[in-house]
Amino acid sequence: MPELPEVEVLVRHLRPLICGKTIRSVNVRRAKVLAPTSPQKFRRTLIGAKFTGLSRRGKYLLFQLRAPGRKGPVMLLGHLGMTGKFFMARKNESLPRHAAVVLNLGGKKFVYEDTRFFGRLTLDVSAVEKLGPEPLGKDFQLAAFAEVLKRSRQAIKVRLLDQTLVAGIGNIYACEALFRARISPRTPARRLTRLQITRLWRAIHEVLAEAIECGSTVPLNFGRGRSDGLFYFGRAPGAADYYEERLRVYDRAGRPCLNCGRSIKRIKQAVRSTFYCPYCQRL
DNA sequence: CACCATGTTCCTTG
DNA sequence: CCAAGGAACATGGT
């Protein structure tokens, strides 16, 4: 459930569920996801610690805890990778096959599950230092954004996936933002005009904010229900059980552009799929 | 069997 | 040293 909006909604959902809870015991089933923290250090640090806060930075979750006999807070960093999930389970509930870490909180248990094990749950917080500005925050400034883009020959779509440029945009929202800004994903970053950069900067805000809004209104089940926590669909206005497709280009190859009716195309860029309308987003 | 998948990191190449 | 491209990571779905 990987990009910024999904993580933001997950954080809001999880915060009241874990804050104030104390970790009674720790069960590490896949030591790989803790790296470079050792399972020994992980357990020793977290047992007895209490959750005091949860925030987000880019696609990362930042858990804050207070451990007895320790002056500063303990920080725990989570990342969902491609297939990670965090959810609360009942004490005696059976675990999914790919449960990687289980924190026993007394009445409930907090589970980190990840089928592909690309995600992380670690005491090493250094990854957030390398991130660029939060796209919905004050530090995401148009002038600085334009300045960085001017120095790159890379295709703008590929550039948007670089987490040091802006934090939290992934393959889906990069495609969606470029469609909204009517920019070809193949445009070399330095060739973008001032007007295009402004449109892109605005489109990034819109696409992410709308996805968060959508995720906040759609009923979600972060447990083992059918929902994967991704906001591909939104509830259609007025309809109780009807969900309309929300993404405009992502995964819509061969289907009509919602703007001009022509066929959406799929191309490969940096070993990833890019979806776009060759007419509305022409070079 | 082949190919695809929301992400990050590391290695290689220029 | 830097930018850019591609493979690797591990598993499951089509």
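Atoms considered below: every heavy atom in the structure, side chains included; atoms not considered: hydrogens, waters and symmetry mates. Lettering follows sequence order; numbering is per chain, from 1.
At the heavy-atom level, A/Arg266 lies under 4.0 Å from the strands shown only through sugar-phosphate atoms.
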Restricting both atoms to N or O, compile the protein contacts to nucleotides 12-14 of chain C shorter than 3.5 Å, with distance only.
| unit_1 | atom_1 | unit_2 | atom_2 | d |
| --- | --- | --- | --- | --- |
| C/dG12 | OP1 | A/His98 | NE2 | 2.6 |

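Note that CZ of A/Arg252 is 6.0 Å distant from CD1 of A/Ile264, once rounded to the nearest 0.5 Å.
Contacts of A/Arg120 classified as side-chain hydrogen bond (donor to acceptor under 3.5 Å, both in side chains), with partners at least two apart in sequence or in another chain: none.
Taking only side-chain nitrogens and oxygens, A/Thr83 never comes nearer than 4.0 Å to OP1 or OP2 of B/dG7. A sub-4.0 Å separation between OP1 or OP2 of C/dT11 and a side-chain N or O of A/Arg30 is present. An OP1 or OP2 oxygen of B/dT6 is reached within less than 4.0 angstrom by no side-chain nitrogen or oxygen of A/Tyr173. Look at A/Arg272 and you'll find a side-chain N or O under 4.0 angstrom from OP1 or OP2 of B/dG7.
By the 5.5 angstrom centroid cut-off and the 30-degree plane limit, A/Phe118 is classified as stacked against the base of C/dC9.
Nucleotides B/dC3 and C/dA7, compared at atom P, are 13 Å apart to the nearest Å. Comparing the P positions of C/dA10 and B/dC11 gives a spacing of 15 Å, expressed to the nearest Å.
With pairs defined as Watson-Crick or G-U wobble and both atom distances under 3.5 Å, the stems of at least three pairs that touch DNA chain C come out as B:2-5 with C:11-14, B:7-14 with C:2-9.
Residues from residues 158-170 of chain A with heavy atoms under 4.0 angstrom of DNA chain B, sorted by number: A/Gln163, A/Gly170.
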Heavy atoms under 4.0 Å is the rule here; annotate nucleotides 9-14 of chain B 5' to 3' with B where the base is hit, S where only the sugar-phosphate is, and - elsewhere.
------
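Taking the six-membered ring for Trp and thresholds of 30 and 60 degrees, A/Phe51 and A/Phe110 have ring planes more than 60 degrees apart, a perpendicular arrangement.
In this structure a side-chain-to-backbone donor-acceptor pair under 3.5 Å is missing from A/Lys32 to A/Ala100.
Stacking of A/Arg282 on the aromatic ring of A/Tyr279 is recorded, both the 6.0 Å distance cut-off and the 45° axial limit being met.
Other members of the cluster containing A/Leu131 are A/Tyr60, A/Leu62, A/Met75, A/Leu77, A/Val125, A/Val128, with ILVMFWY side chains joined at under 4.5 Å, either directly or via other members.
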